[in-house]
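Here the structure is laid out as structure tokens; the discussion comes afterwards.
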Amino acid sequence: MELALIVLLPFIGAVLPYAVMTRSHRQITLVTAAVAAIGLLLLLTLAPATLQGNYPNFHHEWLPALGLNLSFRLDGLSLLFAGLILGIGLLVIIYAHFYLTNNDNRPKFFAYLLLFMGSMLGIVTANNLILLWFFWELTSISSFLLIGYWSHQSQARRGARMAVAITGGGGLALLAGVLLIGNMAGSYQLDQIILAADSIRNHALYLPALLLVLLGAFTKSAQFPFQFWLPHAMSAPTPVSAYLHSATMVKAGIFLLARMFPALGGTPEWFTLVTLTGLTTMLLGAYFALFKTDLKGLLAFSTISHLGLITMLLGLGSSGALLAALFHILNHATFKAGLFMIAGIIDHEAGSRDLRKLSGL
């Protein structure tokens, strides 16, 4: 039950910023931060059992005839991602308190942020592929609201539309892939799908299912040739960039690759498609970053390059490569979120993100 509460808490807490909207800015921040802090504390209470292999779970049959159940499970992979979502989320909330101005609608911003946090927690803890896809689409909607938060700016509106179009289209491809996998495995439960891995890999529909799932993952994680939406999303407030585009949303596609590796990985098709896509993205992201003069633009292309590196490691599939990929997920989320926050502070104090004007700062 605690696991389901961790996922539902941000959705319930999203109304709290509006409940105290007439109070001071500090109180709005405090109630928002309290939601993330309580979720993090609950997660820490479940961590010892998870690390010992006694995976906490929650299961409620909703539409069993369709294979759709409210099913959550906390294993090592989901513990890593949930810790990042809640931990960095808490820091971003505190950072946003000082970043936002008096003209910004704080209750709206924090409500959107909590909706996104809950959606990401749903993705990483879902033990049902249909449920995972539902939360997957919720992240697209909530990220659209966050990227377009400064709706008076044409760049923000354009970036939000581009992000939701690309990731939403990838989500439809993912849904088709999920339906094929459920048909091959005879279940949408992730633990059952992993047990049926051999029959899935030998099935005639394996390649179409793999392509559709990879399409969903690549669009979400800004992999080539879909990487162009991420730099345009940098028109969002810096707390959004630090949270969505370094620590969480773009990591959703990486999480999907890692989660589906036991069922879909280990084949020549997986190796070729995932490794080459990751390698191409890594090189292109690093190349274009060299020519950026906007500080956040440089960090955006750097993020694309690092995501490509993690994708390539997951494509290689060896135990060493998988360990390196998981480590770099944690590594990149922490240092890149920090770099985005520093970029926001520089922009806030110097009034510019142009590197040509910031020399010697």
Side-chain angles (χ1 to χ4, degrees), residues 10 13-14 16-18 20-37 39-40 84-118 120 142-157 159-160 163 230-251 292 294-300 302-303 332-355 357-358 361:
L16 293 179
Y18 285 102
V20 296
M21 64 184 299
T22 56
R23 306 292 182 89
S24 67
H25 290 165
R26 179 175 293 180
Q27 287 179 299
I28 295 172
T29 304
L30 283 174
V31 297
T32 308
V35 174
L40 186 59
L84 288 174
I85 293 162
L86 289 166
I88 294 181
L90 177 59
L91 296 175
V92 166
I93 290 167
I94 298 170
Y95 174 84
H97 171 73
F98 299 97
Y99 180 87
L100 297 174
T101 67
N102 293 332
N103 296 325
D104 291 317
N105 187 333
R106 289 172 184 254
K108 182 171 78 170
F109 180 85
F110 285 128
Y112 290 167
L113 200 68
L114 288 175
L115 287 175
F116 179 82
M117 181 183 290
M120 277 300 305
S142 52
S143 67
F144 167 79
L145 296 172
L146 283 168
I147 295 168
Y149 172 72
W150 283 332
S151 56
H152 59 280
Q153 298 180 0
S154 59
Q155 287 182 330
R157 296 195 300 271
L230 185 59
H232 288 282
M234 291 300 131
S235 53
T238 297
V240 174
S241 300
Y243 193 43
L244 273 68
H245 305 133
S246 63
T248 53
M249 179 181 169
V250 291
K251 294 291 196 308
K292 290 296 168 183
D294 178 78
L295 192 53
K296 281 179 70 175
L298 186 153
L299 293 177
S302 170
T303 296
H332 178 258
T334 49
F335 80 71
K336 190 55 66 69
L339 284 171
F340 269 114
M341 291 184 195
I342 292 168
I345 292 170
I346 292 172
D347 187 22
H348 203 274
E349 298 300 316
S352 175
R353 298 199 308 260
D354 192 331
L355 290 170
K357 299 178 181 179
L358 298 173
L361 182 65

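Every heavy atom of this structure was used, including side-chain atoms; hydrogens, water molecules and symmetry mates were not. All figures in this text were calculated on a predicted structure; none of them were measured in a lab.
The minimum heavy-atom distance linking V35 with G13 is given by the pair CG2-CA, 3.9 Å. Nearest heavy atom pair, residue P237 against residue L146, reads CD-O, 3.9 Å. Here the closest non-hydrogen pair linking I93 and A36 is CD1-CB, 4.0 Å. Here the shortest heavy-atom pairing between S143 and L244 reads CB-CD2, 3.4 Å. Nearest heavy atoms, I147 versus A163: CD1-CB, 3.7 Å. Here the closest non-hydrogen pair linking A160 and G148 is CB-N, 3.7 Å.
To the nearest 0.5 Å, atom NE2 of residue H25 and atom OG1 of residue T101 are 8.5 Å apart.
Residues in residues 234-246 take part in no salt bridge (charged side-chain N to carboxylate O under 4.0 Å, His left out) pair, two or more places apart or across chains. For the salt bridge (charged side-chain N to carboxylate O under 4.0 Å, His left out) condition, the pairs that include at least one residue of residues 339-352, sequence neighbours left out, are D347-R353.
Here the side chain of Y112 pairs no donor or acceptor atom with the backbone of S142 at under 3.5 angstrom. Counting only distance, with no hydrogens or angles, the side chain of K292 and the backbone of G297 share no donor-acceptor pair below 3.5 Å. The backbone N or O of Q155 lies less than 3.5 Å from a partner atom in the side chain of S235, making a donor-acceptor pair.
The salt bridge (Lys or Arg N to Asp or Glu O under 4.0 Å) check on R106 picks up nothing, with sequence neighbours excluded. Legend: residues meeting side chain to side chain contact (heavy atoms under 4.5 Å, CB included) with F98, ordered by chain and number and at least two apart, are I94. With sequence neighbours excluded, the residues satisfying side chain to side chain donor-acceptor pair (under 3.5 Å) with Y99 are T238. In this structure D354 satisfies the salt bridge (Lys or Arg N to Asp or Glu O under 4.0 Å) test together with R356, sequence neighbours excluded. Every side chain to side chain donor-acceptor pair (under 3.5 Å) that T303 has, sequence neighbours left out, goes to K336. Residues satisfying the side chain to side chain contact (heavy atoms under 4.5 Å, CB included) criterion with Q153, sequence neighbours excluded, are W150, A156. Not counting sequence neighbours, the partners of L358 by the side chain to side chain contact (heavy atoms under 4.5 Å, CB included) test are I346, A350, L361. Listed by chain and number, the residues in a side chain to side chain donor-acceptor pair (under 3.5 Å) with T32 amount to none (sequence neighbours excluded). Under the ring pair (Phe, Tyr, Trp, His ring centres under 6.0 Å) criterion, F116 pairs with Y243, sequence neighbours left out. Listed by chain and residue number, nothing satisfies the side chain to side chain donor-acceptor pair (under 3.5 Å) test with S154 (two or more places apart in sequence, or in another chain).
Looking at heavy atoms from C-beta onward, M21 lies out of side-chain contact with F110 at the 4.5 angstrom threshold. Between L115 and P10, the closest side-chain pair of non-hydrogen atoms is not below 4.5 Å. Put simply, the side chain of H332 reaches to within 4.5 Å of the side chain of K251, judged on heavy atoms.
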> Stepwise, does the side chain to side chain contact (heavy atoms under 4.5 Å, CB included) test hold for M117 with L86?
Replying inline: CA-CA 7 Å; M117 181 183 290; L86 289 166; 3.8 Å; yes

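Between Y149 and F109, the gap from one ring centroid to the other is short of 6.0 Å.
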